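Here's the structure, in structure tokens; my notes come after.
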Amino acid sequence: MKIFDSVKRDKLPFSPISGNSVKIYVCGPTVYDDAHLGHARSAVSFDLLRRVLQESGYSVTFGRNFTDVDDKILDKMAKSGEDLETITSRYISSYNSDMKALNVLTPDLEPKATENIEAMEKMVLKLLEDGFAYQTSSGDIYFDTSKDSKYLSLSNRKQEDTESRIGEVVEKRNPTDFILWKSAKDGVRFGKRFVGRPGWHIECSAMVDEHLAYKSGDYSIDIHGGGADLLFPHHENEASQSRCSTGKELAKYWMHNGFVKIDGEKMSKSLGNSFFLKDVLKLYSGEVIRFYLLSTNYRQDFDFSDTELLNSKKRLDKLYRIKKRVYGGKVGEANPKFREEILNALQDDLNTSIAFSVLDKFVSETNEKLDSGKVSKVEKREILGNIEFLNSTLGIGGSDAFQYFQFGVSENEKIEIEKLISIRSEAKKEKKFQKADEVREKLGKMSIQIMDTASGTLWEKI
RNA sequence: GGCGGCAUCGCCAAGUGGUAAGGCCGCGGCCUGCAAAGCCGUUAUCCCCAGUUCGAAUCUGGGUGUCGCCUCCA
């Protein structure tokens with residue numbers, strides 16, 4: 001397995017800290033709104049990493065947090081009058097349902113910030129006691145970045161270049177010092193020891209240390225992941241806090257996924273160009289979206305477009321047509337060569353493009369074989385085995401082949417479609433081809449495409 | 001201003017020194033009542049300039065364009 005370390009900026013051979021176990025922590029969402037495609041990309045990328053490592057024989061412990069204390073959430077509380085729990089649980093459940101649709105495996109650990117306040121306070125207290133942090137007259141607690149000689153080594157910056165662009169008026173000792181604990185002006189109190197609420201960066205460090213980390217050695221965990229926008233300052237700050245409070249580096253490898261863009265610009269809430277996942281999921285199945293997101297290497301920027309989403313659907317359709325052609329058989333073992341080719345590609349820093357080209361080759365070769373009519377039961381089992389392997393490794397191909405093509409079709413529509421198809425079949429039998437074609441046109445207007453086969457007429461929603 | 005990414009066929013996208021994967025679209029053919037699906041065939045010298053090398057999309061230098069981080073952000 002080779003992965004690209006975004007701190008060392010090099011593709012490196014992956015070797016775990018301990019035996020064959022791998023500990024991964026990925027920065028999850030702040031739950032003040034529904035998830036957009038950017039969240040999807042991050043989740044799908046690291047879900048793929050997890051699956052590939054597991055398929056490669058590693059035992060993976062995967063953590064992803066929910067940031068459920070944050071100014072935006074508090075703002076929302078103030079505006080709506082709802083309490084924090086009501087707001088955050090709504091968006092957590094929305095996030096989880098979107099992730100399920102995308103076939104993202106549930107993490108082993110899903111810590112919430114609010115449930116780990118004690119661990120955060122403990123870490124802040126230690127940093128205060130050891131002189132890495134200080135408290136201002138207003139009660140805010142800051143991390144003193146000048147006390148960490150390795151500060152800025154993660155994101156490769158220089159102190160003088162990090163002057164904040166916005167004029168901050170606080171009693172900070174250094175421009176890069178960041179907040180560990182924010183004292184409340186409004187009576188908000190999350191902690192037992194400290195008044196107010198935790199800073200953003202501290203939660204990841206504290207939760208990693210509390211739930212995931214190796215207690216000795218040079219590193220807390222193997223891999224830390226997140227979006228490219230988190231490298232600075234979020235991960236820089238996390239790394240520094242962890243280093244100074246635990247004496248270990250936070251992660252052996254750092255991985256960052258690229259952005260999702262719309263019309264060439266980064267998708268973000270503040271630009272108002274986000275696509276909510278739940279809206280896209282009304283038009284396409286989660287699996288199509290997952291396949292689309294995986295069509296570009298996770299490190300590259302990803303420019304979202306309807307055309308290419310449809311392109312991806314067409315490509316995935318072909319796999320499902322194979323699945324229809326061998327429908328109902330037993331699932332056998334995957335072909336060893338096929339397995340190896342897919343896995344080799346993915347073990348090279350998740351090269352999904354190569355993996356997909358192997359898939360394409362499998363599809364066309366299998367169609368050719370099936371066309372010849374000389375496919376044994378054993379071979380059919382292997383075909384299904386290959387598809388099942390794709391499902392476990394890439395998270396695609398696992399749905400029922402007929403249901404896949406009926407996405408967004410209601411029960412009533414299905415009855416209507418079946419009725420029209422039988423009318424057409426009758427017409428065809430009587431060689432009334434004009435009538436048959438009229439029915440086909442009518443189905444076409446309903447976005448239903450039909451295909452006559454030896455075993456009857458099949459239909460697909462296109 | 002500092003730092004970084006990217007620039008490959010109409011569109012998407014692999015490829016990090018040895019002579020350009022794959023998908024979509026298009027075109028031709030087979031199959032089909034006609035279609036659809038499927039199969040076969042078919043389309044590029046890699047933003048520009050200079051350099052290193054027997055040899056570069058791949059390395060170096062200089063441009064141009066574009067996106068991003070430096071403020072919350074996946």
Side-chain angles (χ1 to χ4, degrees), chain A residues 6 9 11 26-30 32 35-46 64 67 70-72 152 155-158 160-168 175-176 200 225-234 236 256-261 264-271 274 292 295-297 299-303 305 307-318 321-322 324-325 345 348 351-361 363-372 428 431-434 436-437 440-441 443-444 448-453 457-460 462:
Chain A
S6 40
R9 290 181 199 178
K11 202 189 273 185
V26 176
C27 287
T30 303
Y32 70 100
H36 63 210
L37 283 164
H39 296 103
R41 166 111 118 134
S42 177
V44 166
S45 299
F46 291 107
R64 187 186 60 214
T67 299
D70 161 274
D71 281 351
K72 292 196 188 79
L152 297 181
S155 57
N156 187 35
R157 277 155 214 261
K158 295 192 183 85
E160 58 270 28
D161 298 334
T162 54
E163 298 279 346
S164 181
R165 288 182 311 183
I166 53 169
E168 288 182 275
T176 45
W200 175 38
D229 47 358
L230 299 181
L231 181 54
F232 186 86
H234 186 52
E236 185 73 59
H256 292 89
N257 63 277
F259 300 121
V260 175
K261 303 196 291 184
E265 286 197 317
K266 181 186 172 187
M267 177 184 288
S268 78
K269 296 276 172 62
S270 49
L271 286 171
S274 320
Y292 177 41
S295 67
T296 301
N297 178 273
R299 280 191 284 130
Q300 301 287 344
D301 283 345
F302 184 102
D303 210 340
S305 81
T307 317
E308 293 305 322
L309 178 54
L310 189 60
N311 178 346
S312 282
K313 181 186 177 297
K314 286 177 180 172
R315 202 174 182 182
L316 184 57
D317 285 352
K318 287 163 168 262
R321 291 201 185 102
I322 295 278
K324 276 203 293 194
R325 295 186 76 175
D348 183 12
N351 193 328
T352 44
S353 290
I354 299 286
F356 283 7
S357 75
V358 175
L359 190 164
D360 292 330
K361 195 178 69 177
V363 166
S364 66
E365 285 175 358
T366 304
N367 271 319
E368 201 174 359
K369 242 187 270 173
L370 289 166
D371 283 350
S372 77
K428 265 181 64 181
K431 303 234 183 266
K432 293 177 181 166
F433 293 122
Q434 197 179 339
D437 290 350
R440 185 168 62 200
E441 260 176 56
L443 284 161
I448 301 302
Q449 187 172 77
I450 57 172
M451 33 199 63
D452 295 327
T453 73
T457 301
L458 303 177
W459 63 271
E460 297 177 356
I462 51 168

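Note that the coordinates shown come from a computational prediction; the quantities given were computed from them, not determined experimentally.
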So, A:Glu236 side chain and A:Ser155 main chain: donor-acceptor pair closer than 3.5 Å or not? yes
Can you check the distance between B:U52 and B:G65, where both ends of the measurement are the P atom (answer in whole Å)? 28 Å
Closest listed nucleotide, where the reference is the side chain of A:Phe232 and the choices are B:G22, B:C69, B:A74: B:C69
Does the side chain of A:Asn311 pick up a donor-acceptor pair with the side chain of A:Glu308 at under 3.5 Å? yes
Distance, C1' atom - from B:C12 to B:C49, rounded to whole angstrom: 29 Å
Does any donor atom in the side chain of A:Arg321 or A:Asn367 lie under 3.5 Å from an acceptor atom in the other side chain? no
To the nearest angstrom, the CG-C1' distance between A:Asp360 and B:C39 comes to 15 Å
Search all heavy atoms of A:Asn257 against all heavy atoms of A:Ser45 and return the closest pair with its distance. CB-OG, 4.2 Å
Verdict with reasoning, A:Thr176 to A:Arg157, per side chain to side chain contact (heavy atoms under 4.5 Å, CB included): CA-CA 11 Å; A:Thr176 45; A:Arg157 277 155 214 261; over 6 Å; no
Ring-face cation contact, A:Phe356 with A:Arg315, 6.0 Å cut, 45° max: no
Which value, in whole Å, describes the distance between the P atoms of nucleotides B:G55 and B:A50? 16 Å
Which is true for A:Val260 with a 4.0 Å heavy-atom rule: it touches a base, it touches only sugar-phosphate, or it touches nothing? base
For nucleotides 26-38 of chain B, read 5' to 3', which letter fits each nucleotide if B means a protein heavy atom sits under 4.0 Å from the base, S means only the sugar-phosphate is that close, and - means neither? -------BBBBSS
What is the distance from CG of A:Asp303 to P of B:C24, rounded to the nearest Å? 21 Å
Say we look at B:U8 and B:U45: how far apart would their P atoms be, to the nearest angstrom? 14 Å
With a 4.5 Å cut-off on side-chain heavy atoms, are A:Lys72 and A:Lys269 touching? no
Both distances below 3.5 Å, Watson-Crick or wobble geometry, any strand: find the nucleotide opposite B:A44. none
Minimum heavy-atom distance between A:Ala228 and A:His256, given as atom pair plus value: CA-CB, 3.9 Å
Strand partner of B:A50, provided both Watson-Crick or wobble distances fall under 3.5 Å: B:U60
From the candidates B:A74, B:G23, B:A21, the one with an atom nearest any side-chain atom of A:Thr30 is B:A74
For B:C24, give its Watson-Crick or G-U wobble partner with both distances under 3.5 Å, or none. B:G10
Spacing of the C1' atoms in B:U16 and B:C6 (rounded, Å): 15 Å
Under 3.5 Å for both donor-acceptor distances, Watson-Crick or wobble: does B:C3 have a partner, and if so which one? B:G68
Of A:Tyr292 and A:Ser268, the one whose closest RNA chain B nucleotide lies more 5': A:Tyr292
A:His39 NE2 - B:A74 P separation (whole Å): 4 Å
Interatomic distance, A:Lys361 NZ vs B:G22 P [rounded to whole Å]: 11 Å
Are A:Asp452 and A:Lys428 close enough that some pair of their side-chain heavy atoms sits under 4.5 Å apart? yes
How close or far is atom P of B:A74 from atom NE2 of A:His234, stated in whole angstroms? 9 Å
Whole-angstrom distance between B:C24 and B:U42, as gauged at atom P: 16 Å
Within this structure, what is the CD-to-P distance between A:Glu265 and B:C69, rounded to whole angstrom? 10 Å
Distance, rounded to the nearest Å, where A:Asp229 contributes CG and B:C69 contributes P: 7 Å
Short question: side chain of A:Asp301, backbone of A:Gly258 - any donor-acceptor pair under 3.5 Å? no
Which part of the nucleic acid does A:Gly38 contact within heavy-atom distance under 4.0 Å: base, sugar-phosphate only, or nothing? base
Quick one: do A:Arg325 and A:Asp371 satisfy salt bridge (charged side-chain N to carboxylate O under 4.0 Å, His left out)? Show the steps, please. CA-CA 10 Å; A:Arg325 295 186 76 175; A:Asp371 283 350; 2.9 Å; yes
Considering only B:C67, B:C70, B:C12, which nucleotide approaches the side chain of A:Arg157 most closely? B:C70
So what does A:His36 hit on the nucleic acid, given a heavy-atom distance under 4.0 Å: a base, only sugar-phosphate, or nothing? base
Name the nucleic acid region contacted by A:Gly28, choosing base, sugar-phosphate or nothing; use a 4.0 angstrom heavy-atom cut-off, strictly under. sugar-phosphate
What integer number of Å spans the P atoms of B:A14 and B:U53? 32 Å
Could you go over nucleotides 14-16 of chain B and give all protein N or O partners under 3.5 Å, atom names and distances?
unit_1	atom_1	unit_2	atom_2	d
B:A14	OP1	A:Asn297	N	3.0
B:A14	O5'	A:Ser353	OG	3.1
B:A14	O3'	A:Asn351	ND2	3.3
B:G15	OP1	A:Asn351	ND2	3.2

Options B:C3, B:A74, B:G23, nucleotide nearest the side-chain atoms of A:Asn156: B:C3
Does A:Ser42 use its side chain to pair, donor to acceptor, with the backbone of A:His39 at less than 3.5 Å? no
What is the distance from NZ of A:Lys261 to P of B:A7, rounded to the nearest Å? 11 Å
Whole-Å C1' distance, B:G61 and B:G10: 34 Å
